[in-house]
Asker: 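Below is a structure I'd like to ask you about.
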Amino acid sequence: MNIMGMGRITIGLYNSYDSTKFREPHRRAIARAGGLAMSFNMNLALIGFPFPEDLSTPLELAKWVAGTTSIGSHGDYFVDLAEKGRFHSFPYPSKGFPPQLGEAVLTTSKPNPKKAVNVRQVADMVSHGQSILLVFGLGPHGVPKAPSEIPKYNLDITGGSYSLETCTAVGSVTGALHALLYQ
């Protein structure tokens, strides 16, 4: 596979857990996603996370999160991502996800049949130069209705409408894409 013409993949964690207070589930999901992003050469974007206002740069955010977790080599993977410019934080989208992250693909157990794609189709997009943002909902109900309608594509990694816990879904999707792209 020629990686020179490949698009980039960004893991996008959409915070639908708690928008006012940074909690342990936020920390754990970020640390786990950071490890996956480093392992599979992907970027990480956090959407709608309630970080302290005095932390303004991605590196400051990464060091703050990493300082309190034992996951992902004690948060080192997350800090490495930030140092390499591969981590960013964004507010909740009003009309669309940040276009610089690529084409948004909602990961969901209930794909809209008109928007449904499989993992092979997503891998083909990337292998043909299209950058993508994989949108994962962090919280018991996933991405809320309005923002879940924004992406043009929906991906059910199980192919059978099985609902997966966020970190399990992130690992499944990123692992499957990596296997297809680098086999």
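On a predicted model such as this, the values are computed, not experimentally measured, just so you know.
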Asker: Checking Gln130 side chain against Val126 main chain: does a donor-acceptor pair fall under 3.5 Å?
Answerer: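 Not at all, since once roles are kept as given, no pair shorter than 3.5 Å links the two residues.
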Asker: Applying a strict under-4.5 Å side-chain criterion to I, L, V, M, F, W and Y, I'd like to know whether Tyr77 and Met42 cluster together.
Answerer: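 Same cluster: Tyr77 reaches Met42 through Ile, Leu, Val, Met, Phe, Trp or Tyr contacts under 4.5 Å.
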Asker: Counting N and O atoms only, with roles assigned by atom type, does the side chain of Ser16 sit under 3.5 Å from a partner on the main chain of Gly137, one being a donor and the other an acceptor?
Answerer: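 Absent.
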Asker: A side-chain contact here means heavy atoms from C-beta on lying under 4.5 Å apart; do Phe78 and Val65 qualify?
Answerer: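 With C-beta onward as the side chain, the pair touches.
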Asker: From Leu133 CG over to Arg8 CZ, what is the distance, rounded to the nearest 0.5 angstrom?
Answerer: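 The CZ atom of Arg8 is 10.0 Å from CG of Leu133, to the nearest 0.5 Å.
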Asker: Any side-chain heavy-atom pair from Phe87 and Leu59 closer than 4.5 angstrom?
Answerer: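 No, side chains not in contact.
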Asker: Using a 3.5 Å distance criterion without hydrogens, assess whether the side chain of Asp156 forms a donor-acceptor pair with backbone atoms of Pro111.
Answerer: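 The answer is no, because no donor-acceptor pair under 3.5 Å joins these two groups.
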Asker: Should Asn112 and Leu106 count as side-chain neighbours, where that means a heavy-atom distance under 4.5 Å?
Answerer: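 Contact flag for Asn112/Leu106 side chains = no.
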Asker: Look up atom NZ in Lys110 and atom CG in Asn154, then write down how far apart they are to the nearest 0.5 Å.
Answerer: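 Rounded to the nearest 0.5 Å, the NZ-CG separation comes to 12.5 Å.
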Asker: Give the cluster check for Leu101 versus Leu81: same hydrophobic cluster or not, with ILVMFWY residues linked at side-chain heavy-atom distances below 4.5 Å.
Answerer: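 No; tracing contacts between hydrophobic side chains, which count when under 4.5 Å, never links both residues.
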Asker: Determine the minimum heavy-atom distance between Pro50 and Asn15, stating which atoms define it.
Answerer: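 So the minimum-distance heavy-atom pair works out to CD-ND2, 3.5 Å.
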Asker: Could you report the tightest heavy-atom contact between Pro151 and Ser148, atom names first, then the distance?
Answerer: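 Taking Pro151 first and Ser148 second, the nearest heavy atoms are CD-O, 3.4 Å.
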Asker: State, with a plain yes or no, whether a side-chain heavy atom of Asn41 is found less than 4.5 Å away from one of Ile9.
Answerer: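 No, too far: nothing below the 4.5 Å cut-off.
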Asker: Consider only side-chain heavy atoms of I, L, V, M, F, W and Y, link residues closer than 4.5 Å, and tell whether Val117 and Val170 are in one cluster.
Answerer: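 Linked, Val117 and Val170 end up in one cluster.
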Asker: Do side-chain atoms of Thr10 reach the backbone of Gly12 as a donor and acceptor pair under 3.5 angstrom?
Answerer: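 No; zero donor-acceptor contacts below 3.5 Å.
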Asker: Look only at the side chain of Glu149 and the backbone of Ala146, and say whether a donor-acceptor pair between them is shorter than 3.5 Å.
Answerer: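 No, the answer is negative, given that no donor and acceptor are paired below the 3.5 Å cut-off.
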Asker: In the structure I gave you, are the side-chain heavy atoms of Val143 and Phe136 within less than 4.5 Å of one another anywhere?
Answerer: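 When only atoms from C-beta onward are counted, Phe136 and Val143 do not touch, as no gap falls below 4.5 Å.
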Asker: Within the 4.5 Å heavy-atom criterion, are Phe40 and Tyr182 side-chain neighbours or not?
Answerer: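 No, their side chains stay 4.5 Å or more apart.
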Asker: Checking side chain to side chain contact (heavy atoms under 4.5 Å, CB included) for the pair Thr158/Leu164: CA distance, chi angles, key distance, verdict?
Answerer: CA-CA 9 Å; Thr158 71; Leu164 302 175; 3.9 Å; yes
Asker: Is there a chain of hydrophobic side chains (I, L, V, M, F, W, Y, each step under 4.5 Å between heavy atoms) that links Leu55 to Ile30?
Answerer: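 Yes, one cluster joins them.
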Asker: Do the side chains of Met38 and Arg86 get nearer than 4.5 Å, heavy atoms only?
Answerer: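 SC-SC contact between Arg86 and Met38 confirmed.
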Asker: For Asp54 versus Glu60, what's the shortest heavy-atom pair and its separation?
Answerer: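 Looks like O-OE1, 4.0 Å.
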Asker: Can you check side chain to side chain contact (heavy atoms under 4.5 Å, CB included) on Leu180 and Val119, steps first, answer last?
Answerer: CA-CA 9 Å; Leu180 288 170; Val119 71; 3.8 Å; yes
Asker: Might you point out which heavy atoms bring Phe49 and Leu138 nearest each other, and give the distance in Å?
Answerer: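 Where Phe49 meets Leu138 most closely, the heavy atoms are CZ-CD2, 3.7 Å.
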Asker: Between Arg120 and Asp124, does any side-chain N to carboxylate O distance fall below 4.0 Å?
Answerer: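 A salt bridge is present here (some side-chain N lies under 4.0 Å from a carboxylate O).
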Asker: Ignoring hydrogens and angles, tell me if any N or O in the side chain of Ser39 forms a donor-acceptor pair with the backbone of Gly35 under 3.5 Å.
Answerer: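 Looks like yes, one N/O pair under 3.5 Å.
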Asker: So, taking the atom named NE2 in His178 and the one named CG in Leu36, what distance separates them when rounded to the nearest 0.5 Å?
Answerer: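 With rounding to 0.5 Å, NE2 (His178) is 11.0 Å from CG (Leu36).
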Asker: So how far is it from Ile132 CD1 to Leu177 CG, rounded to the nearest 0.5 Å?
Answerer: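 So the CD1 of Ile132 and the CG of Leu177 are separated by 5.5 Å.
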Asker: Could you tell me which non-hydrogen atom of Leu44 sits nearest to which non-hydrogen atom of Ala33, and how far apart they are?
Answerer: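 Nearest heavy atoms, Leu44 then Ala33: CD1-CB, 3.9 Å.
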Asker: Looking only at the side chains, is there a donor atom on one of Asp18 and Thr20 sitting less than 3.5 Å from an acceptor on the other?
Answerer: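 Looking only at side-chain atoms, Thr20 and Asp18 do form a donor-acceptor pair, the distance falling under 3.5 Å.
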Asker: For Gln100 and Phe90, work out which heavy atoms get closest and say how close.
Answerer: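 The answer is NE2-CE2, 3.6 Å.
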Asker: For the ring pair Tyr92 and Tyr14, is the centre-to-centre distance below 6.0 Å?
Answerer: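 That pair passes the under 6.0 Å test.
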Asker: Output yes when a side-chain donor or acceptor of Ser131 lies under 3.5 Å from a complementary backbone atom of Gly102, and no otherwise.
Answerer: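 Answer holds: no.
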Asker: Is a side-chain N or O of His26 found less than 3.5 angstrom from the main chain of Arg23, in a donor-acceptor match?
Answerer: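 Side chain of His26 to backbone of Arg23, a donor-acceptor pair under 3.5 Å: yes, one is there.
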Asker: Just jot down the side chain to side chain contact (heavy atoms under 4.5 Å, CB included) partners of Pro99, sequence neighbours excluded, or say none.
Answerer: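 Pro99 satisfies side chain to side chain contact (heavy atoms under 4.5 Å, CB included) with no residue once adjacent residues are dropped.
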Asker: To the nearest 0.5 angstrom, please state how far the CG atom of Leu134 sits from the CG atom of Leu13.
Answerer: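 Rounded to the nearest 0.5 Å, the CG-CG separation comes to 10.5 Å.
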Asker: Would Phe22 and Phe51 count as a close aromatic pair, with their ring centres under 6.0 Å?
Answerer: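 Centroid distance Phe22-Phe51: below 6.0 Å, so yes.
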Asker: Once rounded to the nearest 0.5 Å, what's the spacing between atom OG1 of Thr108 and atom NZ of Lys115?
Answerer: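 Interatomic distance, Thr108 OG1 to Lys115 NZ, rounded to 0.5 Å: 11.0 Å.
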Asker: Under 4.5 Å between any side-chain heavy atoms of Ser127 and Leu181, yes or no?
Answerer: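 Sidechains of Leu181 and Ser127: in contact.
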